[in-house]
Every structure is written in C-alpha cells, then in structure tokens.
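Heads up: the structure comes next, in structure tokens.
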Amino acid sequence: MTRIARGLAGTALVVALAATAAACGANGENGNGVPTETTDAPTPSPEPDSGDSIGTLYPGKGGGGQAAPARMPTAKVGEPRSGKMKVKNSSREPMNFAPPQTSDDDPEAGETTADLGTCTGTLAPDESCEMTVQHTAYQPGSYTGTLTVQTSQGETLTVPFSGEAVEDSPTETVSPSETPLPTEPTPTDTPLPTEPTETETDTETEP
C-alpha cells in the first residue's frame, strides 16, 4: 500500500508541475516567472506632418476686426510650406465660412494661398476646425501678407501674417572618378637574329 501511495503522490506532483508550466506559458512567462517579450505586436506607423499651427481665430464675438498676427513656418525657396489656422466658434449659433482669401504685400517675393481645410461644414458653438494657409517663396528673405476670413454671421476677420524663406543649399555634385588613361604597351625587346656562324672547313693535309 505504501508503494502505491508513493506512486500516486509522484504522479500528482508531475501533473501539478505540468499544469503550472502551462499556466506560465499562457501568461507569457518563462520558467523563472519572468514575462516573455512578444514580437507580434504591429509597429504603429508615424503620422504624416499636417502643417504647423500658426494661430487661432475666435469668430462669433461680434464686430470682426483684426486678429493676432500669424507666423508662417520657415521654408526653402520654391518649396511650398503650409500652416494651420485654428478657428473656434465663440458664438451661441452655428456658423459657416466662405473660402478664405489671401493677399501678399510683395507678389514678387512669393505666393500665399488658403483653403477651408476642415472648416467646410457647419461649425457648432464651441467647436473648432482648421483652415490651411500655404506659401511658396520665389526668393529668399522675409515676406508679409493678410488672410481674410468671412463668416455666415456677417463677420470679417483679417489676420496679418509673416514668414521667412531661405535659399535652398546647393547639392554637392560628385565629379566622376578619373579613369586612368590606358598605358601604351611596352614593346618587348626581341633579340635581333644572329648571323650564322662560319663552320670550320676541314683543312686539307698534304700527302
């Protein structure tokens, strides 16, 4: 009976150890109780750059007028660069917006355009949206202009903006590697043909 009891106890111990190992594996742990790292989780892709914030408008307070100046992000000449103008409905009524208008103080310095962005629909009270302002510089230096926003409640807001354009750094051109000129083959010295040597004639012996 004692041997049977010991055998049953040993079997129960093996079953308990197997169950513990299975539980650790299910919980992502190794035999030492340390969680194992999983590599199946997908790596989140980086979000695309949607433009820098250049300011906020608060239409709905009545009267319109001039808002705080906006600063456009620095860009290279010939490279369009955009910024986001946040718009928050500060009234108690929903409102819509006409397409924003822009004017450049020096058209030769560059061109500025704007669109409604996410402000295409009706904006409820206390809700916000973003308009997109984009500038393409024609020459390096500073530039200024004005953004005009009109609401369905009869307000007109003007926003002066400014920015800086820098010259695009020229890319270094890699000169083609110099190919060595083909060397002229060195003529091998061919030995001149030697003149045949005179064979000694048999001397006649006098009798």
Side-chain angles (χ1 to χ4, degrees), residues 27-28 35 37-173:
N27 293 331
E37 296 181 358
T38 57
T39 57
D40 295 336
T43 304
S45 57
E47 296 182 359
D49 183 15
S50 58
D52 299 332
S53 176
I54 59 174
T56 305
L57 295 179
Y58 299 94
K61 294 183 177 181
Q66 182 171 317
R71 180 69 180 178
M72 294 290 292
T74 303
K76 296 179 181 179
V77 174
E79 182 178 290
R81 190 70 189 273
S82 62
K84 299 294 184 181
M85 176 64 70
K86 184 178 179 181
V87 183
K88 183 177 181 180
N89 186 355
S90 300
S91 70
R92 298 181 180 179
E93 301 292 334
M95 67 173 59
N96 298 87
F97 302 96
Q101 304 296 320
T102 59
S103 62
D104 294 286
D105 295 337
D106 183 7
E108 294 183 358
E111 180 183 10
T112 308
T113 59
D115 59 59
L116 289 172
T118 60
C119 300
T120 53
T122 301
L123 193 65
D126 294 329
E127 285 189 350
S128 301
C129 61
E130 288 181 329
M131 296 183 180
T132 303
V133 184
Q134 180 175 279
H135 182 81
T136 303
Y138 299 152
Q139 59 189 20
S142 59
Y143 61 88
T144 56
T146 305
L147 171 70
T148 303
V149 177
Q150 293 182 341
T151 73
S152 58
Q153 297 179 2
E155 277 187 295
T156 300
L157 295 91
T158 57
V159 186
F161 64 82
S162 62
E164 185 79 15
V166 295
E167 187 69 45
D168 190 6
S169 57
T171 57
E172 296 182 359
T173 57

I need the full list of disulfide bond (SG atoms under 2.5 Å apart) pairs touching residues 75-120, with sequence neighbours left out, sorted by first then second residue.
Cys119-Cys129
Do Tyr138 and Glu108 meet the criterion of a side-chain donor-acceptor pair at a distance under 3.5 Å?
no
Taking Met131 as the fixed residue, which of Asp115, Val149, Leu57 is the one that meets the side chain to side chain contact (heavy atoms under 4.5 Å, CB included) rule?
Val149
Using the side chain to side chain donor-acceptor pair (under 3.5 Å) criterion, which residues pair with Glu164? Sequence neighbours excluded.
none
Of all pairs that satisfy side-chain hydrogen bond (donor to acceptor under 3.5 Å, both in side chains), the ones with a partner from residues 149-161, not counting sequence neighbours:
Ser91-Gln153
Only counting residues at least two apart or in another chain, list the ones meeting side chain to side chain contact (heavy atoms under 4.5 Å, CB included) with Pro69.
Pro160
Roughly how far apart are Arg81 CZ and Gln134 CD, rounded to 0.5 Å?
10.5 Å
Working to the nearest 0.5 angstrom, can you tell me the gap between Thr102 OG1 and His135 NE2?
10.0 Å
N/O donor-acceptor pairs under 3.5 Å from side chains in residues 141-148, not counting sequence neighbours:
unit_1 : atom_1 : unit_2 : atom_2 : d
Thr144 : OG1    : Asp105 : OD2    : 2.5

For residues 121-128, which side-chain donor-acceptor pairs fall under 3.5 Å, sequence neighbours excluded?
unit_1 : atom_1 : unit_2 : atom_2 : d
Thr122 : OG1    : Asn96  : ND2    : 3.0
Glu127 : OE1    : Ala124 : N      : 3.4

Which atoms form the tightest heavy-atom contact between Pro100 and Leu116, and what is the distance?
CD-CD2, 3.6 Å
Between Ser82 and Pro73 the two heavy atoms that sit nearest each other are O-CG, 3.6 Å
Using the side chain to side chain contact (heavy atoms under 4.5 Å, CB included) criterion, which residues pair with Ala70? Sequence neighbours excluded.
Ile54, Met85, Val159, Phe161
Apply side chain to side chain donor-acceptor pair (under 3.5 Å) to Tyr58 and list each qualifying residue two or more places apart in sequence or on a separate chain.
none
Might you point out which heavy atoms bring Gly64 and Leu157 nearest each other, and give the distance in Å?
CA-CG, 4.4 Å
Pro107: which residues meet the side chain to side chain contact (heavy atoms under 4.5 Å, CB included) condition with it, sequence neighbours left out?
none
Locate the shortest heavy-atom distance separating Lys88 from Pro59; write the atom from each residue and the value.
O-CD, 3.1 Å
Would you say the side-chain atoms of Gln101 pair up with the backbone N or O of Pro99, donor to acceptor, closer than 3.5 Å?
yes
Using modelled atom types and a 3.5 Å cut-off, is there a donor and acceptor pairing between side-chain atoms of Asp106 and backbone atoms of Gly110?
no
For Thr56, enumerate each residue passing the side chain to side chain donor-acceptor pair (under 3.5 Å) test, keeping only those at least two apart in sequence or located in another chain.
none
